[in-house]
Amino acid sequence: GMLYLEELVLFGDSNEVVDWQPLAANCLAGGLGAGNTVILPEKSTMDSDGNPLANFATTREVLLNNGVTILIASESGSSSK
């Protein structure tokens with residue numbers, strides 16, 4: 001897995017993640033943790049009301065419970081926590 005990461009960017013026009021389980025597994029195995037940041041695409045993580053999509057919700061909780069900072073980036077280039 002990916003060990004000793006500080007920041008992971010999975011945002012980009014051609015990068016649409018549909019299976020978030022490997023990211024959660026990496027976090028649970030100690031790869032990502034407290035103090036790390038992930039930048040994720042809005043279109044495959046959040047709905048129009050700002051709630052996590054069903055296929056991302058569990059991974060979101062795993063990341064947050066392990067101290068990972070999640071930044072959600074939109075196509076416009078803005079980001080939010």
d(Leu63 CG, Asn26 CG) to nearest 0.5 Å is 9.0 Å
Can you tell me how far the CG atom of Leu53 sits from the CD atom of Glu42, to the nearest 0.5 Å? 9.5 Å
Judged by atom type as modelled, is there a donor-acceptor pair below 3.5 Å linking the side chain of Asp47 to the main-chain atoms of Asp49? yes
Indicate if Leu32 and Val17 have the same hydrophobic cluster label, given that clusters are the connected sets of ILVMFWY residues with side-chain heavy-atom separations under 4.5 angstrom. yes
Of the non-hydrogen atoms in Leu10 and Pro41, which two are nearest, and what is the gap between them? O-CD, 3.3 Å
Pick out which of Thr37, Leu40, Ile39 makes a side-chain contact (heavy atoms from CB on, under 4.5 Å) with Val9. Ile39
State, yes or no, whether a side-chain contact exists between Arg60 and Thr45 at a heavy-atom distance under 4.5 Å. no
Taking side-chain contact (heavy atoms from CB on, under 4.5 Å) as the criterion, tell me which of Thr69, Leu8, Leu71 meets it with Val38. Leu8
Grab the two heavy atoms, one from Ala57 and one from Pro52, that are nearest each other, plus how far apart they are. CA-CB, 4.0 Å
With the 4.5 Å side-chain cut-off for hydrophobic clustering, are Leu23 and Leu64 part of the same group? yes
Of all heavy-atom pairs linking Trp20 and Ser44, the shortest is NE1-O, 3.2 Å
Could you tell me whether the side chain of Asn66 and the main chain of Val68 form a donor-acceptor pair under 3.5 Å? no
